[in-house]
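All remarks here apply to the structure that follows.
Everything numeric here is computed off the predicted structure, so don't read it as measured data. Proteins get letters first, then strands, A, B, ... in listed order; numbering begins at 1 in each.
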Amino acid sequence: MKRAEAIRTIVNALDAEAVIHATGMISRESFSVKDREANFYMIGSMGLNSAIGLGVALSCPSQRVVILDGDGSVLMNMGMLASIAEASPSNLVHIVLDNESYASTGGQRSISDHIELERVAAAVGYKYTKRVESLKDLSDEIASIWSRSRPAFLLAKVEPGNEEKIARVSHSPVEIKERFMRSVQIRA
Amino acid sequence: MNTSAVLKPDVVSIPSKEFCDALERHGFNFLTGVPCSIFNPLYREIKNRPALPYLPAVREDSAVGIAVGAYLAGRKPVVIMQNSGLGYSLNAFTSLVMIYEIPFLVLISWRGYQGKDAPEHILMGAKMLGILDEVGLPYIVLGDQDCRVEMARASETLERVHKPVFVVVRNGVLA
């Protein structure tokens with residue numbers, strides 16, 4: 001499946017979840033499919049969206065949190081998988097779009113072609129882990145993800161490459177912050 | 001803040017209980033970080049403080065990311081780190097915290113102060129304040145004035161500048 005199809009499937013299934021996006025094409029593609037106030041687009045600090053997601057999840061237990069991640073991002077900060085599993089927030093789902101490459105810098109190979117990140121997540125103690133390779137399987141998993149034990153980890157293998165002319169996120173970082181805070185703290 | 005005033009060579013000791021009272025008084029309610037031995041007395045005190053919950057982080061940049069998430073969700077965070085963690089977390093400050101304008105308190109220990117420490121701390125001990133100045137991060141060196149005054153200033157600055165404020169802690173200042 002293409003990453004854009006995967007993102008569309010995920011985004012169309014969202015309700016009021018706060019979604020903490022990895023930097024780069026994942027933020028941009030999600031923004032292009034459907035911009036939401038509860039989307040946090042992280043434009044720098046690669047690898048830290050999982051940390052941000054944990055901070056939100058622990059601080060607001062009634063808020064469902066999705067970390068929308070990439071393989072390069074997870075590999076850059078694999079220690080965070082341990083932190084998330086140890087803190088064990090039940091309101092958190094960690095989705096990884098694994099294209100085995102760094103799409104935002106020219107498609108260089110990442111090492112997730114040899115590393116099964118979902119097994120790493122299982123080993124450190126995520127309560128549910130799953131790998132999907134087809135759009136149908138992704139769609140089925142997304143539909144039932146909040147009925148799984150959590151924190152849950154869902155890895156979707158996607159094809160490398162980018163759609164043409166993906167827009168950049170047009171909101172400033174401060175705007176992203178302010179509207180995200182408004183949307184999360186309504187539920188606090 | 002960030003004055004070039006001469007730092008008094010003899011550190012004045014502040015009881016951790018008093019320091020934690022100040023943290024609570026100013027509404028800080030979410031702590032994360034990676035330990036430094038200079039903060040041992042502080043760590044012992046926060047164990048007894050349900051109002052100051054602490055989440056251990058695996059590295060200082062992750063601690064900063066967690067603090068950002070806590071702030072976005074309405075908490076008032078504190079990050080605790082040894083100054084060796086400043087290098088690890090610098091990109092988190094320059095490409096996340098400062099561009100999204102996220103304020104929180106950073107308690108940072110000053111290993112290598114006055115060039116007296118193990119070799120791995122000497123360079124950062126000498127350069128830390130200069131690095132914070134270069135990047136534009138405000139700091140207070142704890143122990144030069146009444147800690148209640150210093151904490152009030154730190155808290156007020158946080159509200160005003162929408163940036164993290166570093167409270168720099170030398171060995172022996174927190175007892």
Side-chain angles (χ1 to χ4, degrees), chain A residues 18 20 22-23 37-65 67 73 76-89 91-92 124 171-188, chain B residues 27-35 50-81 85-106 135 158-159 161-164:
Chain A
I20 321 296
T23 197
E37 295 214 335
N39 281 356
F40 187 84
Y41 304 111
M42 188 181 71
I43 66 174
S45 58
M46 181 170 171
L48 292 195
N49 57 310
S50 52
I52 296 170
L54 180 61
V56 175
L58 292 176
S59 302
C60 200
S62 60
Q63 169 68 59
R64 286 185 168 174
V65 178
I67 296 166
S73 170
M76 185 170 279
N77 201 357
M78 250 173 47
M80 270 310 304
L81 294 181
S83 287
I84 288 169
E86 197 276 338
S88 203
N91 54 331
L92 190 136
V124 296
H171 308 292
S172 73
V174 171
E175 281 169 356
I176 293 168
K177 171 191 75 170
E178 284 174 351
R179 55 183 218 156
F180 182 85
M181 288 177 75
R182 262 197 316 268
S183 90
V184 166
Q185 290 183 41
I186 283 169
R187 247 163 301 280
Chain B
F28 294 102
N29 56 16
F30 185 100
L31 280 61
T32 183
V34 180
L52 298 175
Y54 174 79
L55 182 81
V58 291
R59 201 173 53 217
E60 292 85 350
D61 56 350
S62 292
V64 170
I66 290 167
V68 167
Y71 177 82
L72 294 174
R75 301 288 199 102
K76 199 164 168 179
V78 181
V79 173
I80 303 175
M81 68 168 79
L86 181 60
Y88 284 135
S89 57
L90 203 57
N91 186 52
F93 285 108
T94 60
S95 77
L96 174 64
V97 173
M98 290 172 83
I99 61 168
Y100 289 82
E101 297 185 15
I102 313 267
F104 49 87
L105 199 69
V106 182
V135 172
L158 270 179
E159 306 295 322
V161 304
H162 308 296
K163 280 183 193 182

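- Remark: the backbone N or O of B/E101 is paired with a side-chain donor or acceptor of A/K177 at under 3.5 angstrom.
- Side-chain atoms of A/V184 and B/L72, non-hydrogen and from C-beta on, never get closer than 4.5 Å to each other.
- In terms of heavy-atom pairs under 4.5 Å with chain A, the best-connected choice from B/V68, B/T94, B/V58, B/I66 is B/I66.
- Of the two parts of A/I176, only the side chain, counted from C-beta on, holds a non-hydrogen atom closer than 4.5 Å to a non-hydrogen atom of chain B.
- Most heavy-atom pairs under 4.5 Å with chain B: of the set A/G44, A/S45, A/G53, this distinction falls to A/S45.
- Counting non-hydrogen atoms of neighbouring residues, nucleotides and ligands closer than 6.0 angstrom, the CD atom of A/E86 reaches no more than 12 such neighbours.
- Between B/I99 and A/P173, the shortest heavy-atom contact is O-CB, 3.3 Å.
- We find the CG-CE distance between B/D61 and A/M46 to be 12.5 Å, quoted to the nearest 0.5 Å.
- Here B/M98 pairs with B/V135, B/L137, B/K163 under the side-chain contact (heavy atoms from CB on, under 4.5 Å) rule; sequence neighbours left out.
- In this structure, the portions of A/L58 lying under 4.5 Å from any heavy atom of chain B include both its backbone and its side chain.
- Contacts between residues 85-93 of chain B and chain A, defined by a heavy-atom separation under 4.5 Å, are made by B/N91, B/A92.
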- Does the pair B/Y100 and A/F180 meet the rule for a ring pair (Phe, Tyr, Trp, His ring centres under 6.0 Å), with working shown? CA-CA 11 Å; B/Y100 289 82; A/F180 182 85; over 10 Å; no

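- With a threshold of 4.5 angstrom between heavy atoms, A/M76 approaches chain B through N, CA, C or O but not through any side-chain atom.
- Listed here is the closest heavy atom pair of B/A73 and A/C60: CB-CB, 4.2 Å.
- Using modelled atom types, no side-chain atom of B/S62 and backbone atom of A/A51 make a donor-acceptor pair closer than 3.5 Å.
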- Task: In sequence, state the C-alpha distance, the side-chain angles, and the governing distance for A/L54 and B/L55, and then conclude on side chain to side chain contact (heavy atoms under 4.5 Å, CB included).
- Result: CA-CA 11 Å; A/L54 180 61; B/L55 182 81; 4.1 Å; yes

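- Residues A/I52 and B/L96 meet the side-chain proximity criterion, which asks for heavy atoms closer than 4.5 Å.
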